[in-house]
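Quick caveat: nothing in here was measured; it's all calculated off a predicted structure.
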Amino acid sequence: MDEITVETLAQVLQEPKMALLTKVLRTLGHDRCGAILADTLQCEANGGMQTKDGTRRRTPGGVFFQLVKERATRQERRRLFPPPTARDKQVQTQGQPQVQAPVLTWDAVLPILQTLATAPAGEARTMKVTLIGRPGKVEVRGQAVVFRMQGKAPASLPRGLPPLPSTPPLTWTVMVALRQWNRVKDSLAANQEDQLIIEGYPLMQGSQHVLLAQSCTSVALQRAQKQAQQQQAEPTP
C-alpha cells in the first residue's frame, strides 16, 4: 500500500477523529503508524478488543488509539492524549445540562435526500473504498483476477447517525490486476490468518457493486515490510 495518509487511516478504521489521527501520524511517523494499523487489523480479525470495563467491543479506531497509547513514549502520550485541566473539569461540572438532539432515523432521511436533490452536489476530489478480508473463489481472466467479498457491519457507529439497517452488507465484485495479485497470493495461501488490504475505485455495473483495485497488499506482507525497514534502520554493531 502507498504511504499511509490521514485519509487512509480514517477510512480503514472508520474513525471520524481526523484531528487526532493527524496528530498521531505527525508524532509517531508513517512506519510506526503503519505497524500499529497492521496490528489493529489483526486484532479485529481475531475478534477485536473489549473496552476497559468490558461492557462492549472497541471500534477499530478505539483499538488503534489504545495501541498508540501502549506503544507511545510518555512524552508522546502526553502530547497526544493530554490529561484534562482543572478548567476543563470545571466547565464540565458547571452550567445547565445540555439537551440532546433527537437521534436521526431512516424515516427522516428520505425527505432530507429529496431536499438535497434540489441543489447541486459537492465535489469529491478523491473517492475510494477499502476492503480488508479474504477473497472468495478467484477467477483469472487475462491480465486480471476477479473475486467477491461480502462486507461486514461495523461494531458501532459514531453517535448521531441512524442505526444500522437490517439489510445484509454489500457484496463487492473485486477486480485486481494480475501483477498485483501475484504479489499477495502466496502469502494468502500460506497463512490462513492473513488478510487482503485493497483500496480501489467503486462503481456500479448494472446492479452489481464493483471495486477496481488501485492497490493490493496484505496484513502479513505489510508487517514484514515494516519489520524489514526497522532492521535496516538499526545501526550495525
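Here the straight-line distance linking atom CG of Leu37 with atom CZ of Arg223 works out to 10.5 Å at 0.5 Å rounding. Note that CZ of Arg183 is 11.0 Å distant from CG of Leu178, once rounded to the nearest 0.5 Å. Distance check, rounded to the nearest 0.5 Å: CG of Leu21 to CG of Leu9 gives 5.5 Å. Interatomic distance, Glu199 CD to Glu7 CD, rounded to the nearest 0.5 Å: 11.0 Å. Distance OG1/Thr173 to CG/Leu212: 10.5 Å, rounded to 0.5 Å. Distance check: Ile36 CD1 to Asp31 CG gives 11.0 Å after rounding to the nearest 0.5 Å.
Looking at Lys226 and Asp39, no side-chain N of the basic residue comes within less than 4.0 Å of a carboxylate O on the acidic one, giving no salt bridge. One finds a salt bridge joining Glu76 and Arg32 here, because a Lys/Arg side-chain nitrogen approaches an Asp/Glu carboxylate oxygen to under 4.0 Å. One finds no salt bridge joining Glu139 and Arg148 here, because no Lys/Arg side-chain nitrogen approaches an Asp/Glu carboxylate oxygen to under 4.0 Å.
Linking Ile, Leu, Val, Met, Phe, Trp and Tyr whenever their side-chain heavy atoms come within less than 4.5 Å leaves Val174 and Val146 in two separate clusters. In the hydrophobic clustering of ILVMFWY residues, with side-chain heavy atoms under 4.5 Å counting as a link, Leu41 and Leu131 come out apart. Under the 4.5 Å side-chain heavy-atom criterion for ILVMFWY residues, a single connected hydrophobic cluster contains both Val6 and Val12. When hydrophobic clusters are built by joining Ile, Leu, Val, Met, Phe, Trp and Tyr residues whose side-chain heavy atoms come closer than 4.5 Å, directly or via intermediates, Ile197 is not grouped with Val129. One hydrophobic cluster, built from ILVMFWY side chains closer than 4.5 Å, holds both Phe64 and Ile132.
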Taking it one step at a time, do Ile112 and Leu104 satisfy side-chain contact (heavy atoms from CB on, under 4.5 Å)? CA-CA 11 Å; Ile112 295 174; Leu104 181 64; 4.0 Å; yes
Pair Val184, Leu221 - check side-chain contact (heavy atoms from CB on, under 4.5 Å), show working. CA-CA 8 Å; Val184 299; Leu221 290 178; 3.6 Å; yes
Take Val210 and Tyr201 through the side-chain contact (heavy atoms from CB on, under 4.5 Å) test and state the conclusion after the steps. CA-CA 8 Å; Val210 178; Tyr201 180 75; over 6 Å; no
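Here the side chain of Gln11 pairs a donor or acceptor atom with the backbone of Lys128 at under 3.5 angstrom. Using modelled atom types, one side-chain atom of Thr118 and one backbone atom of Thr115 make a donor-acceptor pair closer than 3.5 Å. Counting only distance, with no hydrogens or angles, the side chain of Arg77 and the backbone of Ala72 share a donor-acceptor pair below 3.5 Å. Remark: side-chain polar atoms of Gln180 are paired, donor with acceptor, to backbone N or O of Gln214 under 3.5 angstrom. In this structure, the side chain of Thr51 engages the main chain of Arg56 through a donor-acceptor pair within 3.5 Å.
Residues Pro169 and Lys152 are not in side-chain contact: their nearest non-hydrogen atoms beyond the backbone lie 4.5 Å or more apart. Between Thr105 and Pro162, the closest side-chain pair of non-hydrogen atoms is not below 4.5 Å. Using a 4.5 Å heavy-atom threshold, the side chains of Asn46 and Glu193 count as touching. Looking only at side-chain heavy atoms (C-beta outward), Val24 and Phe65 come within less than 4.5 Å of each other. Using a 4.5 Å heavy-atom threshold, the side chains of Val63 and Leu13 count as separate. Within the 4.5 Å cutoff, no side-chain heavy atoms of Thr8 are placed close to those of Thr130.
Heavy-atom minimum distance, Ile4 versus Cys33: CD1-C, 4.2 Å. Between Glu15 and Gly62, the shortest heavy-atom distance links the atoms OE1-N, 4.3 Å. Of all non-hydrogen atoms in Leu196 and Pro135, the two that sit nearest each other are CD1-CD, 3.7 Å. In terms of heavy-atom proximity, Gln222 sits nearest to Ala38 at OE1-CB, 3.8 Å. Residues Asn191 and Arg134 come closest through the heavy atom pair O-NH1, 3.2 Å. Nearest heavy atom pair, residue Met18 against residue Ala10, reads SD-CB, 3.3 Å.
Crowding of Phe81 atom CZ: a count of heavy atoms from other residues, nucleotides or ligands under 6.0 Å exceeding 12. Other residues, nucleotides and ligands contribute only 12 or fewer heavy atoms inside 6.0 Å of the NZ atom of Lys17. Taking a 6.0 Å sphere around CZ of Arg71, one finds it holds more than 12 heavy atoms contributed by other residues, nucleotides or ligands.
Using a 30° and 60° split on the angle between ring planes, Trp181 and Phe147 fall in the tilted class, from 30° to 60°.
In the model, Gln66 has a side-chain atom that pairs as donor or acceptor with a side-chain atom of Glu70 under 3.5 Å.
Each of Val138, Val145, Leu211 was evaluated against Val176; a single residue qualifies, Val145, per the side chain to side chain contact (heavy atoms under 4.5 Å, CB included) test. For the side chain to side chain contact (heavy atoms under 4.5 Å, CB included) with Leu170, the qualifying choice from Met149, Gln150, His209 is His209, the only one to do so.
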